[in-house]
Peer 1: 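Pasting a structure below so you can have a look.
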Number of protein chains: 2
Amino acid sequence: MVRIRKRKAVEAAVELPAELTQARRFSKTRSAQSGALLEDYVELIADLLSTGGEARPTDVARRLGVSHATAIKTISRLKREGLATGLPYRGVFLTQDGQKLAARVRARHRLVVDMLLALGVPAEAAEADAEGIEHYVSEATLKAFAQFLESRGQS
Amino acid sequence: MVRIRKRKAVEAAVELPAELTQARRFSKTRSAQSGALLEDYVELIADLLSTGGEARPTDVARRLGVSHATAIKTISRLKREGLATGLPYRGVFLTQDGQKLAARVRARHRLVVDMLLALGVPAEAAEADAEGIEHYVSEATLKAFAQFLESRGQS
DNA sequence: TGTGAACTGTAGCCATGGCTACACTTTTAC
DNA sequence: GTAAAAGTGTAGCCATGGCTACAGTTCACA
Ligand SMILES: [Mn+2]
Ligand SMILES: [Mn+2]
Ligand SMILES: [Mn+2]
Ligand SMILES: [Mn+2]
């Protein structure tokens with residue numbers, strides 16, 4: 001006893017473009033997502049290097065809250081993608097590309113945090129939210145953030 | 001010929017708390033990430049249901065820009081987690097929990113988009129960025145966004 | 001009313017990003 | 001100088017979220 005149900009009600013009235021636009025947006029978000037982890041690693045490694053002169057897998061793991069095995073696996077992906085280098089048992093370093101990415105990511109992170117703070121978000125929430133938000137902010141949005149901060153006199 | 005290198009330089013001077021705080025932030029971001037996909041599915045299904053009265057796997061797939069097999073697999077996860085129901089070949093529906101989640105997600109999505117627009121971000125960039133940002137915005141930040149919009153007269 | 005088109009579902013592949021367990025290397029401390 | 005501790009690396013497990021290929025079901029329409 002299966003009920004019938006209509007399909008293809010109104011020929012969709014050339015509604016396709018909107019569908020495609022939305023699909024493109026989601027695709028873009030998925031791409032950004034796949035880069036997010038690498039960005040965080042590179043940013044953190046740059047931080048460790050500039051602070052203590054070295055970046056060791058265990059430090060990276062501790063700061064990210066993952067096991068050292070996970071950190072090592074991801075670092076090897078960084079190396080595979082040309083962002084990091086290093087010899088066994090000798091710590092991790094960033095390639096030119098890695099350093100360039102780190103600089104961009106760091107500036108973006110700071111801008112997002114500053115924006116949230118300027119809006120009155122409490123410091124810890126601003127830091128925590130920025131850790132996720134930063135990876136999905138386009139150039140256009142970054143520019144808007146910067147202009148807002150400028151118009152407020154905050155850096 | 002392997003060079004020696006110092007380790008444990010300064011006993012870390014009780015630097016651990018900061019480490020833990022940062023690790024907790026990253027963990028939180030990872031949790032949010034795992035919920036993001038389900039949120040988008042639920043939001044989209046609610047949209048299809050309220051617009052056309054039914055939500056079919058193929059529609060969902062087309063709007064998300066994934067294959068229908070991927071959509072079906074994720075929808076089955078929605079069902080497993082108590083957010084959706086439906087019989088074979090009969091479309092997808094939302095449970096009470098699913099509908100509640102959809103309402104929250106939809107409101108949040110709109111708020112993030114409105115905020116970006118208010119800052120002068122071009123419409124398409126605002127929509128695209130919001131699709132990612134929305135999943136990482138805490139209650140505190142949402143409140144700050146709402147207050148900003150209110151202070152600007154934009155509902 | 002039958003049949004081809006459209007849709008739905010299943011199986012099985014891959015990469016990512018978690019984890020634990022275990023083995024190996026380096027550093028520290030005695 | 002050696003033994004224990006700390007760090008590093010590998011193997012192998014799991015879930016997620018993509019995909020294609022193929023099989024089964026429902027619908028539209030001639
Ligand atoms: Mn981040
Ligand atoms: Mn960051
Ligand atoms: Mn989204
Ligand atoms: Mn959304």
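As the structure is a prediction and not an experimental result, all values here were calculated from the model.
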Peer 1: Once you round it to whole Å, what is the distance between C1' of D:dA6 and CD of A:E54?
Peer 2: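 The distance from CD of A:E54 to C1' of D:dA6 comes to 13 Å, rounded to the nearest Å.
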Peer 1: Is it the case that the base of D:dG7 and the side chain of A:H68 share a donor-acceptor contact (distance under 3.5 Å, atom types as modelled)?
Peer 2: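 No, no donor-acceptor pair under 3.5 Å.
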Peer 1: Would you mind reading off the distance between A:Q33 atom CD and C:dG18 atom P, rounded to a whole angstrom?
Peer 2: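 Going from A:Q33 (CD) to C:dG18 (P), I get 11 Å.
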Peer 1: Round to the nearest Å and state the distance from B:I72 atom CD1 to D:dT20 atom C1'.
Peer 2: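 About 14 Å, once rounded to whole Å.
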Peer 1: Please work out which of the three classes, parallel, tilted or perpendicular, describes the rings of B:F148 and A:F148, given edges at 30° and 60°.
Peer 2: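 The rings of A:F148 and B:F148 stand perpendicular, inter-plane angle above 60°.
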Peer 1: Between B:E19 and A:R62, does any side-chain N to carboxylate O distance fall below 4.0 Å?
Peer 2: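 Salt bridge present between B:E19 and A:R62.
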Peer 1: Do the charged groups of A:K28 and B:E131 touch, with an N to O distance under 4.0 Å?
Peer 2: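 No, this pair does not count.
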Peer 1: So which nucleotide from D:dC19, C:dT10, C:dT16 ends up closest to the side chain of B:T70?
Peer 2: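 Among D:dC19, C:dT10, C:dT16, the one nearest the side chain of B:T70 is D:dC19.
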Peer 1: Is any side-chain nitrogen or oxygen of B:T58 closer than 4.0 Å to OP1 or OP2 of C:dT8?
Peer 2: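 True: B:T58 side-chain N/O within range (under 4.0 Å) of C:dT8 OP1/OP2.
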Peer 1: If you compare every side-chain N and O of B:R56 against the phosphate oxygens of C:dT8 (OP1, OP2), does one of them come in below 4.0 Å?
Peer 2: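 The answer is yes; a side-chain N or O of B:R56 sits under 4.0 Å from OP1 or OP2.
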Peer 1: Quick one: on DNA chain C, does B:K73 or A:L38 contact a more 5' nucleotide (nearest heavy atom)?
Peer 2: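 Looking at the nearest nucleotide for each, B:K73 comes out on the 5' side.
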Peer 1: Give the nucleotide from the list C:dG9, C:dG18, D:dG9 with an atom nearest to the side chain of B:P57.
Peer 2: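 Nearest to the side-chain atoms of B:P57, counting from C-beta on, is C:dG9.
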Peer 1: Can you see whether B:E39 engages B:H135 through a side-chain donor-acceptor pair at a distance of less than 3.5 angstrom?
Peer 2: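 Checked: B:E39/B:H135 side chains pair up, N/O donor to acceptor below 3.5 Å.
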Peer 1: Without decimals, in angstroms, what is the distance between A:R80 CZ and C:dT16 C1'?
Peer 2: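 So the two atoms are 9 Å apart, to the nearest Å.
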Peer 1: Take the protein atom CZ of A:R62 and the nucleotide atom P of D:dT8, then report the distance between them rounded to whole Å.
Peer 2: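 Atom CZ in A:R62 sits about 9 Å away from atom P in D:dT8.
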Peer 1: Side-chain N or O of B:R90 versus OP1/OP2 of D:dC27: is the shortest distance under 4.0 Å?
Peer 2: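 For B:R90, the contact criterion (side-chain N or O under 4.0 Å from OP1 or OP2 of D:dC27) is met.
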Peer 1: Quickly work out the B:E39 CD to D:dT16 P distance and round it to whole Å.
Peer 2: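 In whole Å, D:dT16 P lies 16 Å from B:E39 CD.
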Peer 1: Taking for each residue the nucleotide of DNA chain C with the nearest heavy atom, is it A:A69 or A:S34 whose nucleotide lies nearer the 5' end?
Peer 2: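 Nearest nucleotide further toward 5': that of A:S34.
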Peer 1: State the CG-OH distance between A:D129 and B:Y136, to the nearest 0.5 angstrom.
Peer 2: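 With rounding to 0.5 Å, CG (A:D129) is 11.5 Å from OH (B:Y136).
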Peer 1: Measuring from the side chain of B:V66 (C-beta onward, heavy atoms only), which nucleotide among C:dG18, D:dG18, C:dG9 has the closest atom?
Peer 2: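 Nearest nucleotide to the side chain: D:dG18.
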Peer 1: How long is the line joining CD1 of A:I75 and P of D:dG9, in whole Å?
Peer 2: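 After rounding, the gap between these two atoms is 8 Å.
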Peer 1: Given atom OH of B:Y89 and atom P of D:dC27, what is their separation to the nearest angstrom?
Peer 2: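 Distance check: B:Y89 OH to D:dC27 P gives 11 Å.
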